[in-house]
Amino acid sequence: METIYGYLDKISYCNEENSFVVAKLKERGKRELSCIVGNLLGVNPGESLQLTGIWKHNPKFGLQFQVERFEAIVPATTRGIEKYLSSGLIRGIGPVMAKRIVETFGAEALDVIENNPAKLTEVSGIGPKRIELISQAWEEQKEIKEIMIFLQGHGVAASHAAKIYQCYGQDSIAVVKDNPYRLAEDIRGIGFLTADNIARAMGVDPNSILRAKEGIVHVLRQTLLEGHVFYPQPGILQKSREALQIDEEIAEQALDELQREQRIIIEDMAVEGAEEGGHDDFKGVYLKPFFIAESQMALQLLHLQEEDSKVRAVDSDKMLEWVEQQLDINLAQRQKEAIAMAVQEKILIITGGPGTGKTTIINALVRIFKGLKLKITMAAPTGRAAKRMQETTGWDALTVHRLLEFNPREGNFKRNRDYPLETDVLIIDELSMMDTMLMYQLLRAIPLHAILILVGDVNQLPSVGPGNVLSDLITSGKFPMVELREIFRQSRRSRIVSNAHRINEGNLPFIDNPEGRELSDFYFIEEENPQKVVAKILDLCQRRIPDRFFFHPVKEIQVLTPMHRGVVGTMNLNVELQKALNPQGFELTRGGRSFRVRDKVMQLVNNYEKDIYNGDIGWISTIDVENQQLEINYDGRRVSYDFAQLDEIQLSYATSIHKAQGSEYPAVIMPILIQHYLLLQRNLVYTGVTRAKRLVILIGSKKALAMAINNNKTNKRFTRLRERLQTEVNKHRGIILNTTEVEV
C-alpha cells in the first residue's frame, strides 16, 4: 500500500450505481496528471485528497492508482487552494473571487476564511453581506466534512453528506446513530441497502426484527417500482429472505409485527395470480397507503357513477348536427356515439390509437358542454401532456398536481372531498400514465355531480408508478367505453400513424425506405453493431436530419431507447450526444456527471416545491458556481437548483421510452437491438413510435424489431382495482377506509 496526495483536477467517469470513479489527480511533486480509479463517489474537482492504494498497469489505459481508501484534506499550495475555492463548494466564492482571495492572502487564504473572515474586505468585491454568506457556507462545509468522515468510517459514499446535513442539520450524526434506517425514508438517493450498510457497521444485529421489518418494507417498495400495487405474501417472504439473508421464522415474525402496527395490510386473494405463490389461494401484501388508495378509488368511482349530473334531457341528433356546424366537420359514427354517451353517462372511457379522432371528440365535447353552460375542466398527468392538450383544443389544461393544488410544505393536496373541485365536467387525457395514488387523489376531489371523461390509449405502456388504472377500468366492464379504431384520411397519409397501428396489430411496419429525394416520415436503418449504431445516431442528430428535414438537433430531435445501461443505453448515449451537440463551455461536474449551459436535461422526480415533475424537459440557462445554483428553462419558466439537488436531473438528449410517455417530439430516433431482448415488447415499440409527430427513424436489427412486435406478453402487475369494482371485496374488515389523507 502507498499513500499519495494531490488535488482532484477532473472526473473522467463515474458509475453512481457501484461508486466506481476514474479521475485525474494533480499529485504533489509531479508535473503530469495521475490517473486514479476506485470508490470515490462524492468527491468533486478542486478537492485535496489523501489516497491510499496501489499502482497497477492497465493494458488498455496504462498506469493507474487503485484507491482503497481516501480522505479529503485541506489543500496546502496556493494553486490547490485556488482550485478548491473555485470548485463551487463554498457558496459565495466562484473562480474569479477565488483568484482574488488567493492573490491577496496566498497560502493563508483558508486560515483567513476560517479564523478571521473580516479581513476578506481587503479583497475587491467582497463586502459584509458576502462575508456573512462565505462564513456561513464555510461552517456548513466543516459540519458536512465531519458527517462525511463519520459516514465514510461506516462505508458510505461522501456524496450523501450534503443531503443528510440539509435534512437533519447539526443533528445529522445523532439521527444516523439512533436509527440509520430513517435515511432510506427521508433522503432521496439513500436506499435501504445503504442504510443497512450503516446499521451493520454500527453493530445492528443482522437477525434483528428491526432490520427484518425495514427490509420487508424495502422489498415492498421495490415491487412498487415494478408497477405492483400489492405482492403475494409467499413472494414477499421469499424476496425478503434472499435480500436480507434471514431465516423464514424471522421474516414471518417481522411480517406479523408490521401487520399489527398497520404499516402493511394483508388481504385474502382469489385464484388469479396464485401461480406466483404456488397456491390455489394466497394472501396479498400491501403497504397501507396503497391498500387505502386502491380500495377508496373503487368506492369513489362507483359512488360517482350512481349520482346524477347537471345535464338535462338533450336531443342527441340536434346536438351532433349543431357541433358539426360549429367545428365545420363531419363526425364519424364512433365519434358520434362517444359524444352522445359523454353527455348521457356519468363516467365514460374513450380509448384509441393515433389518428383515430380522440382530440376531435374532446373539441366537440368542450363546445357542447360550454353551450350547456357547464363548467369544464381539463387535465393530464404531466406538464407536457397538459400543454399538448391545451394546444390541440384551445382550452386551458392543467397538470393533475396543479389542478389539485398540491401543497409542498404540508405534503398534501388542498383539493379533496372537503374542498372539491369546482367543475361540472372533468376531462382527463393520457390516462394510461395515471398511477394508483394519483388517480386516488384525483377522485377524492371530484364533486359527485360531475361528469368524468377519461381519454387514453390502452395499448401504450402502463404508468411508471404502481397500478394499471386504464386497463383495470376497461376490463372491469363497469363503465361505458368507446374504442376508436378507424384511422382518418388525413392521418392515413402518415406512415407514422399507419405503422403504429400495424405494430399494435402485431405486424411489422413498412420499412422500405423511399428512393431518391422523396421524403417519408418513417425510416428504418439496418445496423446490428452497437458502436456503429451510436455513430449513426450522432450523424443523424448532427447532420442528416437537420440538413434534410430542418429540425433543430437538440430542441426537436429526441433519441428514445429501451435501456439505461450498455452502449446504446441512455447513460452512454447522453455522454456521446453531449460531446457532439454541446461540446464547449464551462462544465460543472457533480458525482461524475457533467453539465454545461445549453444542455438538454430532464427532471427525474416530482419536485412539488418547484412545480416541476418527473419527465419534464428543459435547457440549462445558467450555472452560477459562486452561489452554487444552476438554472433551467422549462418552456419559458426558469427554475433554480442548488448544486446539492442536481441528482434530480439528468441529461436528456437520449431518454428511456418509459420517461417519454405523454410527450410528443417532432422527430424520434429509436435504436432497437438484440441486446435489448429483455425489454423488447410490442407496447414498448408502439409507445416510442407514437411519441413522434413528423419523423421516426428506427435503427437496429430487423430480428430485434420482429422479436419486439411478436412479444405481446406484458409483465403482469399485481393490482386489484378490477376485482374491487366487480365484487364486494372492497368491503374489507378491520381497516377504516374513510381516511382523510394518504401520503403522496
Side-chain angles (χ1 to χ4, degrees), residues 8 11 13-21 23 39-47 87-89 91 140-141 144 147-148 151-152 156-168 172 176 182-195 197-198 221 225 408 464 564-565 569-572 574-575 578 587-597 599-620 622-625 627-632 634 639-656 658-659:
L8 198 65
I11 294 175
Y13 170 79
C14 174
N15 185 327
E16 294 191 50
E17 292 186 359
N18 60 17
S19 304
F20 182 76
V21 170
N39 184 337
L40 287 153
L41 189 62
V43 297
N44 295 298
E47 288 193 88
S87 67
L89 291 171
R91 190 187 299 273
E140 285 182 3
Q141 280 299 315
I144 290 171
I147 296 167
M148 226 178 260
L151 292 175
Q152 285 184 337
V156 181
S159 59
H160 299 315
K163 287 186 174 183
I164 292 173
Y165 179 80
Q166 278 187 345
C167 186
Y168 305 126
S172 297
V176 173
R182 274 189 63 181
L183 298 177
E185 290 193 18
D186 295 345
I187 300 175
R188 170 176 155 73
I190 299 183
F192 171 81
L193 297 180
T194 300
N197 285 336
I198 300 174
R221 286 185 177 139
L225 298 177
V464 174
H564 292 291
R565 301 185 187 89
T570 58
M571 295 169 69
N572 183 59
N574 273 317
V575 170
Q578 184 191 47
E587 184 172 274
L588 172 70
T589 301
R590 283 294 180 271
R593 297 179 304 155
S594 298
F595 298 104
R596 299 174 186 146
V597 172
D599 268 338
K600 183 180 184 179
V601 293
M602 174 181 283
Q603 178 76 14
L604 298 176
V605 294
N606 291 337
N607 187 319
Y608 303 107
E609 291 189 12
K610 297 182 187 299
D611 197 19
I612 296 295
Y613 302 99
N614 185 0
D616 286 351
I617 288 179
W619 287 264
I620 296 176
T622 60
I623 298 175
D624 184 347
V625 176
N627 293 303
Q628 294 187 0
Q629 287 194 328
L630 178 148
E631 192 177 72
I632 299 174
Y634 290 101
V639 179
S640 293
Y641 291 75
D642 289 336
F643 284 1
Q645 298 174 310
L646 294 186
D647 64 343
E648 291 189 11
I649 63 170
Q650 70 177 17
L651 295 175
S652 65
Y653 299 98
T655 189
S656 70
H658 279 87
K659 285 284 189 184

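Everything quoted here is computed from the prediction, not taken from an experiment.
Put simply, the side chain of Ile632 does not reach to within 4.5 Å of the side chain of Ile612, judged on heavy atoms.
A donor-acceptor pair under 3.5 Å is formed between the side chain of Gln578 and the backbone N or O of Ser594.
Within the model, atoms CZ of Phe643 and CG of Asn627 stand 9.0 Å from one another, a figure rounded to the nearest 0.5 Å. Atoms OG1 and NE2, on Thr570 and His564 in that order, are 5.0 Å from each other to the nearest 0.5 Å. We find the CD-OG1 distance between Gln650 and Thr655 to be 6.0 Å, quoted to the nearest 0.5 Å. Separation of atoms CE (Met571) and CG (Leu651) is listed at 11.0 Å; rounding is to 0.5 Å. Here Phe595 contributes atom CZ and Ile623 contributes atom CD1; the two are 8.5 Å apart, rounded to the nearest 0.5 Å.
Listed by chain and number, the residues in a salt bridge (charged side-chain N to carboxylate O under 4.0 Å, His left out) with Asp642 are Arg91 (sequence neighbours excluded). Remark: Tyr168 pairs with no residue by the ring-ring contact (aromatic ring centres under 6.0 Å, His included) rule, at least two apart or across chains. Legend: residues meeting side-chain contact (heavy atoms from CB on, under 4.5 Å) with Val605, ordered by chain and number and at least two apart, are Arg188, Gln603, Glu648.
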Task: Intermediate values then yes/no, side-chain contact (heavy atoms from CB on, under 4.5 Å), Thr194 and Leu183 - done: CA-CA 9 Å; Thr194 300; Leu183 298 177; over 6 Å; no
Open item on the list: Evaluate Ile649 against Leu630 for side-chain contact (heavy atoms from CB on, under 4.5 Å), listing each step before the verdict.
Closed with: CA-CA 11 Å; Ile649 63 170; Leu630 178 148; 4.3 Å; yes
- [ ] Check step by step if side-chain contact (heavy atoms from CB on, under 4.5 Å) holds for Leu646 and Leu588.
- [x] CA-CA 10 Å; Leu646 294 186; Leu588 172 70; 3.5 Å; yes
Task: Verdict with supporting geometry, Arg596 and Ile620, side-chain contact (heavy atoms from CB on, under 4.5 Å) - done: CA-CA 7 Å; Arg596 299 174 186 146; Ile620 296 176; over 6 Å; no
